[in-house]
Number of protein chains: 4
Amino acid sequence: MTDSKKVRRTSGKRERLATAAAQVLHAQGVAQTTLADIAQAAEVPVGNVYYYFKTKDDLVEAAIGAQAENLRGMIAALDELPAPAERLKALLAGWVEQRELTARYGCPTGTLASELDKRADGLDRSIATVMRALLDWAEQQFRAMGRADARELAVALIASYQGISLLTNTFRDPDLMTAEAHRLERWIDSLTEGPTTGDDDARE
Amino acid sequence: MTDSKKVRRTSGKRERLATAAAQVLHAQGVAQTTLADIAQAAEVPVGNVYYYFKTKDDLVEAAIGAQAENLRGMIAALDELPAPAERLKALLAGWVEQRELTARYGCPTGTLASELDKRADGLDRSIATVMRALLDWAEQQFRAMGRADARELAVALIASYQGISLLTNTFRDPDLMTAEAHRLERWIDSLTEGPTTGDDDARE
Amino acid sequence: MTDSKKVRRTSGKRERLATAAAQVLHAQGVAQTTLADIAQAAEVPVGNVYYYFKTKDDLVEAAIGAQAENLRGMIAALDELPAPAERLKALLAGWVEQRELTARYGCPTGTLASELDKRADGLDRSIATVMRALLDWAEQQFRAMGRADARELAVALIASYQGISLLTNTFRDPDLMTAEAHRLERWIDSLTEGPTTGDDDARE
Amino acid sequence: MTDSKKVRRTSGKRERLATAAAQVLHAQGVAQTTLADIAQAAEVPVGNVYYYFKTKDDLVEAAIGAQAENLRGMIAALDELPAPAERLKALLAGWVEQRELTARYGCPTGTLASELDKRADGLDRSIATVMRALLDWAEQQFRAMGRADARELAVALIASYQGISLLTNTFRDPDLMTAEAHRLERWIDSLTEGPTTGDDDARE
DNA sequence: TATGAATGAGGTTTCATTCAT
DNA sequence: CATGAATGAAACCTCATTCAT
């Protein structure tokens, strides 16, 4: 009733839960993660979770939202760079930086998509939205590089990332990520060099 | 009474279970699938499953084995083709053929790998073996094409496939697979065009 | 609303379960007892048991703990008596008092030990600890009586009790307990009569 | 149909099962032992067990019978000895010989009695019969020694054995058996020395 | 007789969700 | 808002027993 209570509106617990959920779900997978796991990670009593999230799926959705937020932040940072090719290569660098985490748990977005796509919930659409945002951004970069086949190139790039993340995780070998990133870097370079109007998408 | 009954001694129930498991697990995911689901798909009473498989994980492993068997069959068929580049392109064609299934459920091996890698069982190693077999085969083809960087190319190819499978599934859009396959086809062609110190068709 | 409700904060359900478990396990044996049996005896829903005990074995261990507690209480009461021989004879009297229960179900500690010793759990060690406590106490009494062979006498006494409990139970005949207790009483008396280098009443 | 088939009447499989059951039940306990365990130990296919024993309890009963047979054999051997006190002491010696087995699994008869007494079957009566046979035999010996309280002494002796078996098993310490056997030996000696008409049952 | 296979009842365990305070 | 406790549906798994051959 007092103001002091009104001021710290949600006391940040909701956000804390979403962040914890994102981390734990990435590390353990949706099915293997219990509400208690997330509650514990967020240092919130289990019963209290339901004040903020009506159901477990709601919490998963919030975790997806947290991931979307992360992605937005990353993209914003990349957009600071002047040239589109530079931005894309900075994206690659970020992937390489995360390679240890990827080797252990895979790409956060990809593993979530893979698991949720088997469900009839709306959750599968939520994660698709996040994936599409990344795709759209990449497409913009390729378009800014003057490529008419920007969408196709964007799909190819993100697919390569998702796939190498899977392999990196499957074989628990972060070096796979490093090598593929280098390959993709050279590929991006090759796209800018040639006459931009051609269909020069040969990957090597 | 008929011979047909005598011939398949054990009535093939074990195999039927493994096959059913492979299908259902692909369609629903490991965690969402109950033993009852698989038993029903195989038209076997639940309790009877345990006569053939000691635990659920054993059954999952059998499903992985069934997948490995599929892969071996596919590879054997591809190996009938004379040139390595042709073989790789035939592989791509197979992926395109499966695009509808992939759009609904993703790549059978990839989704399984993604889900199982979060577990401490030996199952994660089993599926990794299947993945490695495909990788090794692709490497052989690139090597037969005279490429010194055969491993890297193989990783790139399989990663692209896994990634585009994920996107195809995420967006429920089989055309993504088709387009990417075409791109990869052109890519493979580009690899053979350049001067590559011969030894083009050595199969092994 | 009343204080009585506030006082026993956790409503004592955990303890109630442990006590019920001790009784039911004594009456039915560990293997023949289902969690549902115990839950019902404690008037607790089955699912709720797992809020207090992670596994059935945990509950069994709690039951052993309840037994240990009983034993401590009994020993504390016996220790009120001035002379060690009196204490031992009071112990015998307690056994006789329990003879009907023993005829039906055997000695709670002994039957549990017998059943649990066939298992690889730590449970067999837990019950051994309870048994040892009784043994140690008896040894102290004999030592206080000036007997150098106190340990051996303690072992003989407890063995006689365990054995006669078994026979009493096997033949469903409480009189066996009564008769043997009398015999043991005379035996204890005979130990004090002889010259035994004093130090008769040193309690510890 | 042929004679050869008639000759090896039951091919000894029934007996083999009973013997195997006795061993396995002693080692693992009734509840922890499955029919498959026993069948395997007897090298008999599981399904075949039911040709010889209508139910698991029937097989347990047969195991009890095998134990009774053992006991009869042992008693017959002891009866070869000239003096009753010698016979009893030979019994003690047998117990000491078995001490390692007892430390691991307890007394075969006692553990079985303890476990079966919790059941409403007739099995509890079967094992009681075995126990009574031993008791009766011991009573005879004491009576032959001229003791009027022969029954009471027999009960005391067997109780001591059952109890020390339990302790030996609980603490996994075969030496307990050895020490107690020596004590009982001295006790038996003390019974013969005095005037046989007295109530000289003081145990030390 | 002999036997691999089949069956289903029953037990343990997990966990999302609800509720009383 | 907060929270420990409660609940029941559903999953996995075991095994005595039966059956077809």
Side-chain angles (χ1 to χ4, degrees), chain A residues 1 5-6 8-11 13-14 31-39 44-60, chain B residues 1 5-6 9-14 31-39 44-59, chain C residues 1 5-6 9-14 31-39 43-60, chain D residues 1 5-6 8-11 13-14 31-39 44-60:
Chain A
M1 293 301 171
K5 217 165 189 172
K6 261 289 152 74
R8 47 180 176 89
R9 276 280 291 283
T10 50
S11 78
K13 232 184 236 184
R14 193 191 156 85
Q32 279 75 32
T33 300
T34 72
L35 268 193
D37 289 337
I38 298 173
V44 166
V46 196
N48 198 8
V49 172
Y50 281 85
Y51 179 78
Y52 298 98
F53 301 96
K54 233 167 133 84
T55 154
K56 186 188 180 184
D57 280 2
D58 277 7
L59 184 46
V60 174
Chain B
M1 290 302 173
K5 212 161 191 174
K6 258 291 152 69
R9 276 285 292 285
T10 51
S11 78
K13 219 184 253 187
R14 193 192 158 87
Q32 279 75 33
T33 300
T34 73
L35 273 186
D37 290 337
I38 298 173
V44 162
V46 194
N48 195 11
V49 173
Y50 284 89
Y51 181 77
Y52 296 98
F53 301 96
K54 249 164 121 93
T55 79
K56 187 188 180 184
D57 280 2
D58 275 8
L59 184 47
Chain C
M1 290 302 173
K5 212 160 191 175
K6 258 292 153 70
R9 276 285 293 284
T10 52
S11 78
K13 216 183 254 188
R14 192 193 157 87
Q32 279 75 32
T33 300
T34 73
L35 274 187
D37 290 337
I38 298 172
E43 292 183 287
V44 162
V46 194
N48 195 11
V49 173
Y50 283 87
Y51 181 78
Y52 296 98
F53 302 97
K54 248 164 122 92
T55 79
K56 186 187 180 182
D57 280 3
D58 275 9
L59 184 46
V60 173
Chain D
M1 296 300 170
K5 214 163 192 175
K6 261 294 155 71
R8 48 180 175 89
R9 277 279 292 282
T10 50
S11 77
K13 232 185 237 186
R14 193 190 156 85
Q32 279 75 32
T33 300
T34 72
L35 268 194
D37 289 338
I38 298 173
V44 165
V46 196
N48 197 9
V49 173
Y50 281 84
Y51 179 78
Y52 298 98
F53 301 96
K54 232 166 133 87
T55 155
K56 185 187 180 185
D57 280 2
D58 277 7
L59 183 45
V60 174

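Every heavy atom of this structure was used, including side-chain atoms; hydrogens, water molecules and symmetry mates were not. A quick note: this is a predicted structure, and the numbers were derived from the prediction, not measured. Convention: sequence-line order gives letters A, B, ...; per-chain numbering from 1.
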All heavy atoms of P45(D) vs all of A39(D), minimum pair found to be C-CB, 4.4 Å

Looking at residues at least two apart in the chain, or sitting in another chain, which of them share a side chain to side chain donor-acceptor pair (under 3.5 Å) with D58(D)? none

Can you tell me how far apart OH (Y51(C)) and NZ (K13(C)) are? Round to the nearest 0.5 Å. 10.5 Å

To the nearest 0.5 Å, what is the distance between OH (Y50(C)) and CG (L35(C))? 4.0 Å

Within this structure, what is the OH-to-C1' distance between Y52(A) and dT3(F), rounded to whole angstrom? 12 Å

In which ranges does DNA chain E form stems of 3 or more consecutive Watson-Crick or G-U pairs, distances under 3.5 Å? E:2-21 with F:2-21

Look at the side-chain N and O atoms of Y51(C) and state whether any lies under 4.0 Å from the OP1 or OP2 oxygen of dA6(F). no

Kindly write out the residues that satisfy side chain to side chain donor-acceptor pair (under 3.5 Å) with T55(C), not counting sequence neighbours, or none if the list is empty. none

With sequence neighbours excluded, residues passing side chain to side chain donor-acceptor pair (under 3.5 Å) with N48(A): none

Once you round it to whole Å, what is the distance between C1' of dA16(F) and CD1 of I38(D)? 12 Å

In whole angstroms, how far is the P atom of dC15(F) from the CZ atom of F53(B)? 19 Å

According to a strict under-4.0 Å criterion, is K13(B) in side-chain N/O contact with OP1 or OP2 of dA5(E)? no

Tabulate atom names and distances for all N/O pairs under 3.5 angstrom spanning the protein and nucleotides 12-15 of chain E.
residue, atom, partner, partner atom, Å
dT12(E), OP1, L35(C), N, 3.4
dT12(E), OP1, K56(C), NZ, 3.2
dT12(E), OP2, L35(C), N, 3.0
dT13(E), OP2, Y50(C), OH, 2.7
dT13(E), OP2, K56(C), N, 2.7
dT13(E), O5', Y50(C), OH, 3.4

I would like to know whether V44(B) and V49(B) meet side chain to side chain contact (heavy atoms under 4.5 Å, CB included); could you show each step before the answer? CA-CA 7 Å; V44(B) 162; V49(B) 173; 4.3 Å; yes

Under the side chain to side chain contact (heavy atoms under 4.5 Å, CB included) rule, what do Y52(A) and L59(A) come out as? Steps first, then yes or no, please. CA-CA 9 Å; Y52(A) 298 98; L59(A) 184 46; over 6 Å; no

Between atom CZ in R14(A) and atom P in dC1(F), what is the gap in whole Å? 12 Å

